[in-house]
**Student:** 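Pasting a structure below so you can have a look.
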Number of protein chains: 2
Amino acid sequence: MTHFHDPTTCQSCAQRFTSVFCKAKQEFITEINEQKICNIYKKGQTLFNEGSYPFGVYCINDGKVKLSHLGDDGKEQIIRLLRGGDVLGYRALLSGERYSASAIALEDTQVCFIPKELFISVLKNDTGLAFEMMKLLSDELHKAEVKLTHLAQKPIRERLAETLLFIKETYGFEADGVTLSVRLSREEIANLVGTATESTIRLLSEFKKDGMVELDGKKIKILRQKELIKTANLQD
Amino acid sequence: MTHFHDPTTCQSCAQRFTSVFCKAKQEFITEINEQKICNIYKKGQTLFNEGSYPFGVYCINDGKVKLSHLGDDGKEQIIRLLRGGDVLGYRALLSGERYSASAIALEDTQVCFIPKELFISVLKNDTGLAFEMMKLLSDELHKAEVKLTHLAQKPIRERLAETLLFIKETYGFEADGVTLSVRLSREEIANLVGTATESTIRLLSEFKKDGMVELDGKKIKILRQKELIKTANLQD
DNA sequence: TAACATGCATGATTTTTGTCATGTTTTTAA
DNA sequence: TTAAAAACATGACAAAAATCATGCATGTTA
């Protein structure tokens, strides 16, 4: 069980330099601090559900969250992985629609909720923050377009390698410097890669046989990152 | 050869009610009108190239444009199809990066160019327009996420059917009410679906045999839209 | 702790999709 | 108008990936 600090103020929040909100003017940060609601979600709990209406945005203080989307046949597709400092729920809110994805905690996670009206009013009165939001949306759009291209053009072996690198970029390693600091099921990895669970299991075994990773249940160690990058066949 | 009207003012532009810019305040529209540069691109010509720096945004007055992205192996992936009233080039500009995709005219197309500085300054001073941009970005992000899920989960047959419906939604029919009013090569359709050209050709032939479409070179007629929707296996 | 459920792993098989080869048609340009 | 190139079409084959089946391991709960 993870332990969190007592609810903090936005001014002293661990994420005050990493979140988009850090770009807001001081007066608005004060207001957000007064109106925010802090909550802890246990592993597996849902922050919000695909299909329901947004009442505000969520800012992750500490923890890990997956954002996933149900395909037309009811299969989960993981769209994004989120960590401390990340904001979520803004897309549906800005385009005035229901949530198009569900947010589920991957481990115990502390989250601040900022009500819709406040978020919109701050955005209206703080051009800097509005620009940051546009930048954030643009970056997400870019990532989505790249992922889309890879899904269309790359074989699963390359996409799995890429996904492992992506997980590492997002959540980093544990203290040992090699173990990915998140526990995902094989099915979740498959839903991130966009393939069948069995294919993921098989390829992970191959990666292990090739000495690129080490597997111990849900613990995954990246032994040879360079080879993994090569396997992912990435440009840049 | 398509014929266009003489360069018009933004105030009398055919797209003045459909583009995002119609939400801008009157004073800014005047300014945009003064600084915009109108241009005609012939079929196949490039508006901008992946990898180069943006100097402004483009607003399509009349015509059709594809936005495409090169995969790591150099294969084209068509990200978006654009028509009159659509704006493009804003993503790279807002996130301060190079273009991540190329824009190429699918037919003779009239385009207005709005310089970067003007676009940014209007955005800074017109909250309404900024919100429209956020909404636009949110909508694009949503579409990208849905497409991503379909690429990951749906077989090519379903994706091709969906793509034909998407082309119809975007560009509509010719006067006869059945012929798609855009001419795309089989390869372009394949690059939209995310598959090999041969697979696209084969499946189009099947669709024809099933009586869903009629093929006459690049002319595609949608004969049984309901069946096509069923084939696409869409939710909603 | 036993019984059950769930997740992981692997083999066998089928289906889907891509690739290669070849011929035809259509476009383009000389 | 003709020659060349590009696009379209189709068959044969190979490769990739999904599905089905089964067994083992792990974890959960009565």
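Chain A is the first sequence line, chain B the second, and so forth, proteins listed ahead of strands; every chain is numbered from 1.
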**Student:** Measure the angle between the two terminal helix axes of the helix from C/dT1-D/dA30 to C/dA30-D/dT1, five base pairs each, and quote it to 10°.
**Tutor:** 50°
**Student:** With no hydrogens and no angle check, is any side-chain donor or acceptor of A/N49 less than 3.5 Å from a backbone partner on A/S52?
**Tutor:** no
**Student:** Grab the CZ-P distance between B/R183 and C/dT26 for me, whole Å please.
**Tutor:** 15 Å
**Student:** Base, sugar-phosphate alone, or nothing: which one does A/T197 contact when heavy atoms must sit under 4.0 Å apart?
**Tutor:** nothing
**Student:** Could you tell me how far apart B/D73 (CG) and C/dG18 (C1') are, to the nearest whole angstrom?
**Tutor:** 14 Å
**Student:** In B/S/- notation, 5' to 3', how is nucleotides 13-30 of chain D contacted by protein heavy atoms closer than 4.0 Å?
**Tutor:** ----SSBB----------
**Student:** How many Å lie between CG on B/D216 and P on D/dA7, as a whole number?
**Tutor:** 18 Å
**Student:** Can you check the B/L204 CG to D/dT10 C1' distance for me, whole Å?
**Tutor:** 14 Å
**Student:** Which pair of non-hydrogen atoms, one from B/S95 and one from A/K135, has the smallest distance, and what is that distance?
**Tutor:** O-NZ, 3.6 Å
**Student:** Is the shortest side-chain N to carboxylate O distance from B/E174 to B/R183 below 4.0 Å?
**Tutor:** yes
**Student:** Do the ring planes of B/H69 and A/H142 sit parallel (below 30°), tilted (30 to 60°) or perpendicular (above 60°)?
**Tutor:** perpendicular
**Student:** Looking only at the side chains, is there a donor atom on one of B/R91 and B/S100 sitting less than 3.5 Å from an acceptor on the other?
**Tutor:** yes
**Student:** Round to a whole Å and report the spacing from CD of A/E187 to C1' of C/dA9.
**Tutor:** 15 Å
**Student:** Measure up the A/Y99 and A/Y58 rings against each other and bin them: parallel (under 30°), tilted (30 to 60°), perpendicular (over 60°).
**Tutor:** tilted
**Student:** Can you tell me which residue among B/E145, B/R159, B/E162 is in a side-chain hydrogen bond (donor to acceptor under 3.5 Å, both in side chains) with B/H150?
**Tutor:** B/E162
**Student:** When you look at NZ of B/K208, are more than 12 heavy atoms from neighbouring residues, nucleotides or ligands closer to it than 6.0 Å?
**Tutor:** no
**Student:** Mind calculating the distance between NZ (B/K208) and P (D/dA9) to the nearest angstrom?
**Tutor:** 7 Å
**Student:** Distance check: side-chain N/O of B/K218 vs OP1/OP2 of C/dT27, anything under 4.0 Å?
**Tutor:** no
**Student:** Shortest non-hydrogen contact from B/A144 to A/L141?
**Tutor:** CB-CD1, 4.2 Å
